[in-house]
Amino acid sequence: MTFDTTKGDAGFGITGLDNILAGGLERGRVYLLEGAPGTGKTTASMSFLLEGARLGERGLYITLSETEEELRGTARSHGWTMDGVDIFELVPPESLLDEQQQQSLLYSSDLELGETTRMIFESVEAKKPLRVVIDSLSEIRLLAQTSLRYRRQVLALKHYFAKHQATVLLLDDLTTDINDKTVHSVAHGVVQLQELAPEYGAERRRARVIKYRGRRFRGGYHDFTIKTGGLEVYPRIVASEHHTAFARDVLLSGVSELDDLLGGGIERGSSCLVLGPAGTGKSLFSIKFAVAAVARGEKAALFIFDEELGLLYDRMQKLGIDLRSMEEDGNLIIEQVDAAELSPGEFASRVRQCVGQQKIQTVVIDSLNGYQAAMPQEQFLVLHIHELLQYLNRQGASTFLTVAQHGLVGEMKAPVDVTYLADTVILLRYFEAAGNVRRAVSVIKKRSGAHETTIREFNIGEDGLTLGEPLSQFQGVLRGVPNFVGPGAGLMGDASA
């Protein structure tokens, strides 16, 4: 589903939010922006008014809950000035706050509600804004006291603003009755902001368009963050919307024996999963393809979840791979990813930005174990990975992912099974032979063509990554304790071979 930005919409000035709204808010309508305190409603609504001011449209912020100074302080924290935006701090008349002046035959809430509405209308008549924010409905709901009076009051506001052709954003902090859906039925559209608190790590925020009359929007939850400068919204990836024509040529790793094992190499625009226990060399196998891409004159990106970058640089340097120089030349992008601080949506947005804006053609994600830590529910991780891989594949980017399995030898399990998503699966194993712990590699899946079905031993040393001949003299290598069945050992560095 591809969205065309509707000309003339009142946008928020927040690229991701306007994207999921299919362009912004249709003008002359009343919308609801709801969420618990701290979800970013005030920041989003300020951005909405400032975007209007940038376009020469007068904006009015009517506040019933915060003072004008508090609002200006919030704006300053984002580096904003409220030029072009009027702030109307609505406070009840002094007579309504004086107990001696209150009438006994009429509830004070009746007076306050009518007076509040009158003051809202007067401020609009005086300023004649094209964009209006009312913060918040919770105060009006409390004054109305009953659901019927509250609904009538919201309808009165809606009809009044419809006559003035203003685009209105009603804020609701859900502090009174979260089950009251009165405004949902009245508003032209409803956007909900949520804040989630994981058991460990930073809070996570997400946005969802619940309703938008007469328009297709991008459904589901979309991660967002609040940073200096406003909200950053990361629309959920829908891979089917992205298609790019490219040649599906074969890519080499630079290690001839590994390329032979892969049946000639990896097809461009495909995904490769490197699976194995800790320490078998999963990162090195993946990085070899990134280094080969740079050698071809292409750009590559490494997203490192688990390893500290300084250690990675030094470790690769000892194997003859100078990551720092490739990074300094601009051919390699290396990002350290903190799973505790980064939402899956923000990570996917970073990857998309690299591929889309910097023309990255090889992407390494090391590892999915770290990615999983950012996802509280495993089934959603698989969906995230599926959409991300499909997107990258359709952009012609080759993706290499690593997964660390639990255990070292014998039967091992992966924390999340994504083998069916990857186009190619490389399996690494430890095995015991001649009193030594050795490493073996095999290709167990390749969608794009034939591959070797053999198991090869490999070494990691000063010469980098080297693979030996197929271990045709052994059975049970994948179990960890093989049986010798041939006349020669057939092991790398074994003089009897």
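Residues: numbered from 1 along the sequence shown.
No donor-acceptor contact under 3.5 angstrom links the side chains of Asp135 and Thr63, judged on distance only. For Tyr234 and Thr225, the side-chain atoms include at least one donor-acceptor pair closer than 3.5 Å. Checking Glu26 against His188 by side-chain atom types alone, a donor-acceptor pair falls below 3.5 Å. A side-chain donor from one of His164 and Glu125 sits under 3.5 Å from a side-chain acceptor of the other.
Counting heavy atoms from C-beta on, the side chains of Gln358 and Ile333 come closer than 4.5 Å. Proximity of Ile210 to Phe217: side-chain heavy atoms (C-beta onward) are nowhere separated by under 4.5 Å. Looking at Leu64 and Ile140, their side chains come closer than 4.5 Å, going by heavy atoms from C-beta outward. Looking at Cys272 and Thr399, their side chains never come closer than 4.5 Å, going by heavy atoms from C-beta outward. Taking 4.5 Å as the limit, some side-chain heavy atom of Lys288 sits within range of a side-chain heavy atom of Ile321. Taking the side chain as every heavy atom from C-beta outward, Arg296 and Leu251 approach each other to under 4.5 Å. Two residues are said to be in side-chain contact when any heavy atoms from C-beta on lie closer than 4.5 Å; Val133 and Leu170 fail this criterion. Looking only at side-chain heavy atoms (C-beta outward), Leu312 and Ile287 come within less than 4.5 Å of each other.
Between Tyr371 and Phe305, the ring-plane angle classifies as parallel under the 30° and 60° cut-offs.
Remark: Arg352 qualifies as a cation-pi partner of Tyr391 under the 6.0 Å distance and 45° angle criteria applied to the six-membered ring.
Looking at Glu335 and Arg350, a side-chain N of the basic residue comes within less than 4.0 Å of a carboxylate O on the acidic one, giving a salt bridge. Using a cutoff of 4.0 Å between basic side-chain nitrogens and carboxylate oxygens, Arg218 and Glu241 are scored as salt-bridged.
Contact between Gly38 and Glu195 at its shortest, heavy atoms only, is O-OE2, 4.2 Å.
No donor-acceptor pair closer than 3.5 Å links the side chain of Asp223 to the backbone N or O of Arg206.
Applying the salt bridge (charged side-chain N to carboxylate O under 4.0 Å, His left out) test to every pair with at least one member in residues 48-61, sequence neighbours left out, gives these pairs: Arg27-Glu57, Glu51-Arg54, Glu57-Arg131, Arg58-Asp86.
With a 6.0 Å radius and a threshold of 12 heavy atoms from other residues, nucleotides or ligands, Lys227 has its NZ atom above the threshold.
Between Phe88 and Tyr61, the ring centre distance reaches or exceeds 6.0 Å.
With rounding to the nearest 0.5 angstrom, the OG1 atom of Thr15 is 11.5 Å from the CG atom of Leu231.
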